[in-house]
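Here's the structure, in structure tokens; my notes come after.
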Amino acid sequence: MSVIKLNQKLYENNLKQIIQKVGDPSKIICVFKDNAYGHGAKILAPIPKKFGIDFVAVKNEKEAYEIQDLFKKILILSHKPNGNENSQFIYALNEISKVKEYKIGTKIHLKIDTGMHRNGVFVENIEDAFLKIDEAGLNLEGIFTHFSSADEMDASFFIQKQKFSKAKMLAQKKYNHLIFHSFNSAALFRAHNIPKDEFFRIGIAQFGYGDERLKKILSLYAHKLSERILNSGQSVGYGRSFSTDKKIKIATYDLGYADGLFRYNGKGNLTLANHKNILGKISMDSFSCEDCGEEICVFNDADIWADFFNTISYEILVRLHPDIPRILV
Ligand SMILES: *Cc1c(COP(=O)(O)O)cnc(C)c1O
């Protein structure tokens, strides 16, 4: 059976690095959406808790219920209002025209569109939004924004920061209890100055990506299903995309694209953690390679697969099927 091993010490190292940068664990919002970026939300959640982190963000209510008992505050990022919101949770208000569709008294954080242009209100409309929120009887607890290019630190990052400062100023004129947040992992680890009056929404950095002080915590393992000797000229897998030019011993391992691996088509050199190539196409439930024993590490650095597939580590990680067992090591 395939398995995901999560290194607890390295995860703790990353949390310590993040806490050191932020200066205060109570200002950190651990982003645990999409099963903690494929790592496994339930198994990791008790660890930030130990470090005094009491606030997480998730995608939807289903994810919030899974870790509800552990955290004082849970922000739900992608919720469509339905009048049945849970008074324990905080909901991101992404669309101001839907403000009347929430249950009265629902805790919300208003999203400000400073340039990402996915959702939220423009700074110019923020005062109008405050009126509508008050009118609808919602409980506004915070305002936040998201950067479109924190990993590049280009001019648009600074323009967005300026717009958010304006939003904070307008909010402070009307309310004195709101909290603010804008920085994600890349912004936290790249910016020279971090805001003193904000919380920080940190996702991928927890898992070790984006800075050399951080250590990648996830290793994905597969187990051998069978083995055979191939003679020169024989192929393996669909479409015969690989055939050997010498006698080799190959093995087939129990992890495929249905488990969340990208479907490698057999072209180019996609390597495992031990630098051996995957041989032939990845199947739905298995792949083949030179026989490497009963257990093989598929990857322990998603950046390598991300480079190969021309994507980002987030996408490689988040696809890992929730049914793959996760263990702390
Ligand atoms: C996913 C997400 C984050 C976390 O981003 P990282 O780059 O993983 O730190 C922060 N804020 C919002 C709104 C998100 O959707």
Side-chain angles (χ1 to χ4, degrees), residues 11 14-15 17-22 25 27-41 44-45 48 53 55-64 67 71 73-80 89-95 108-121 141-154 156-157 160-161 163-164 167 179-191 194-195 198-218 302-303 306 311-320:
Y11 186 50
N14 298 341
L15 291 174
Q17 296 291 336
I18 294 162
I19 291 166
Q20 198 184 350
K21 275 244 140 204
V22 168
K27 291 281 186 67
I28 296 169
I29 305 171
C30 279
V31 180
F32 261 55
K33 67 187 180 206
D34 297 286
N35 200 25
Y37 293 42
H39 288 67
L44 287 181
I53 297 171
F55 201 161
V56 289
V58 295
K59 175 156 72 182
N60 53 31
E61 288 180 331
K62 179 173 176 279
E63 290 190 344
I67 51 176
F71 297 98
K73 293 200 264 178
I74 302 183
L75 172 65
I76 298 177
L77 294 167
S78 303
H79 171 81
K80 198 162 151 32
F89 302 149
I90 305 162
Y91 296 83
L93 177 55
N94 291 312
E95 175 54 56
I108 56 159
H109 281 195
L110 174 65
K111 180 87 168 263
I112 312 297
D113 184 355
T114 54
M116 183 71 150
H117 297 160
R118 289 194 305 202
N119 39 44
V121 300
E141 293 196 335
I143 68 170
F144 73 110
T145 195
H146 196 48
F147 297 117
S148 62
S149 49
D151 43 357
E152 285 143 37
M153 291 281 152
D154 60 3
S156 72
F157 175 72
Q160 284 193 265
K161 277 214 314 189
K163 288 193 174 165
F164 193 56
I179 69 160
F180 308 116
H181 43 103
S182 61
F183 275 42
N184 67 349
S185 299
L188 178 67
F189 279 88
R190 299 232 174 149
I194 61 163
E198 290 193 18
F199 285 56
F200 297 82
R201 296 186 312 274
I202 306 302
I204 197 90
Q206 290 173 82
F207 312 115
Y209 289 80
D211 190 276
E212 66 270 15
R213 283 163 287 186
L214 305 167
K215 306 286 175 230
K216 298 174 175 100
I217 71 165
L218 178 146
D303 280 335
T311 182
I312 53 177
S313 54
Y314 297 71
E315 194 187 9
I316 300 291
L317 293 164
V318 83
R319 285 186 180 219
L320 295 172

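One-based numbering, in listed order, for ligands and for the atoms of each.
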**Asked** How are the rings of Phe144 and His109 set to each other: parallel, tilted or perpendicular (split at 30° and 60°)?
**Response** tilted
Which atom pairs, nitrogen or oxygen on both sides, join ligand 1 and the protein at under 3.5 angstrom?
from, atom 1, to, atom 2, distance (Å)
ligand 1, 7 (O), Asn184, ND2, 3.3
ligand 1, 7 (O), Tyr314, OH, 2.7
ligand 1, 8 (O), Tyr37, OH, 2.5
ligand 1, 8 (O), Ile204, N, 2.8
ligand 1, 9 (O), Ser185, N, 2.8
ligand 1, 9 (O), Ser185, OG, 2.5
ligand 1, 9 (O), Gly203, N, 3.0
ligand 1, 11 (N), His146, ND1, 3.4
ligand 1, 11 (N), Arg201, NE, 2.7
ligand 1, 11 (N), Arg201, NH2, 3.3
ligand 1, 15 (O), Lys33, NZ, 2.6

**Request:** Would you please classify the geometry between the His181 ring and the Phe55 ring as parallel, tilted or perpendicular, with 30° and 60° separating the classes?
**Result:** perpendicular
**Item:** Note, Thr145 side chain near Lys163 side chain (heavy atom, < 4.5 Å)
**Value:** no
**Prompt:** So do the side chains of Ile112 and Phe164 get within less than 4.5 Å of each other, counting heavy atoms only?
**Reply:** yes
**Message:** Donor-acceptor check, side chain of Gln206 to backbone of Val31, threshold 3.5 angstrom: yes or no?
**Reply:** yes
**Asked** Nearest 0.5 Å, what's the CZ-CG distance between Arg190 and Asn184?
**Response** 10.0 Å
